[in-house]
Amino acid sequence: MKITCHCGHPIPDQTDSLPHKAHLIPDQNWEQLWEQIDTTVLDKLAAGKIDVDAAATILRTLISNSSRSMYQCNQCGRLYLNDSQGRLHCYQRSTEADSLTILQDKTT
């Protein structure tokens, strides 16, 4: 997928580990996700009902279904977030001092 920012700068999403992309899990879904991990993955894995490969697949599905994509334009700093229906919304920085790299992991 390619997004073109309102400023005209392209925001690509064609590979992994992008510094301008993140995944958002709404707080309303946070506890439910942990409960699903416990009951759907960990409890079944501990009981021998699923193997490690199945557990990993289920875990990835749970996290993917709970999260939404978000992107930041590294030119102007606008944030783009998908809502629960997959529609993209744009939010603009309020000041020039706001970070252009808010989604980046500073430890890497």
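- Atom CG in L59 sits 11.0 Å away from atom CD in Q36 (nearest 0.5 Å).
- Evaluation of the side-chain hydrogen bond (donor to acceptor under 3.5 Å, both in side chains) test over residues 2-30, restricted to residues two or more places apart or in two chains, returns H6-Y80, H9-N74, D13-K21, D13-Y71.
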For side chain to side chain donor-acceptor pair (under 3.5 Å), just list the numbers for S94 and D98, CA-CA rounded to whole Å, side-chain angles, deciding distance to a tenth of an Å, and then say yes or no. CA-CA 7 Å; S94 59; D98 291 336; 3.0 Å; yes

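- A heavy-atom distance below 4.5 Å is found between the side chains of D83 and H89.
- When every heavy atom of S66 is checked against every heavy atom of P26, the shortest pair comes out as O-CD, 3.6 Å.
- Using a 4.5 Å heavy-atom cutoff, the side chains of L79 and I102 are in contact.
- Interatomic distance, I37 CD1 to I63 CD1, rounded to the nearest 0.5 Å: 5.0 Å.
- Atom CD1 of I11 is separated from atom SG of C5 by 4.5 Å, given to the nearest 0.5 angstrom.
- Tested against T39, the residues L42, D43, V41 include a single side chain to side chain contact (heavy atoms under 4.5 Å, CB included) partner, D43.
- Looking only at side-chain heavy atoms (C-beta outward), L62 and L33 come within less than 4.5 Å of each other.
- Using modelled atom types, no side-chain atom of Q92 and backbone atom of R78 make a donor-acceptor pair closer than 3.5 Å.
- At a threshold of 4.5 Å between non-hydrogen side-chain atoms, the residues L81 and R68 do not count as touching.
- Under a hydrophobic clustering in which Ile, Leu, Val, Met, Phe, Trp and Tyr are joined whenever their side-chain heavy atoms come within less than 4.5 Å, directly or via other members, I58 and L45 fall into the same cluster.
- Here the side chain of R93 pairs a donor or acceptor atom with the backbone of C76 at under 3.5 angstrom.
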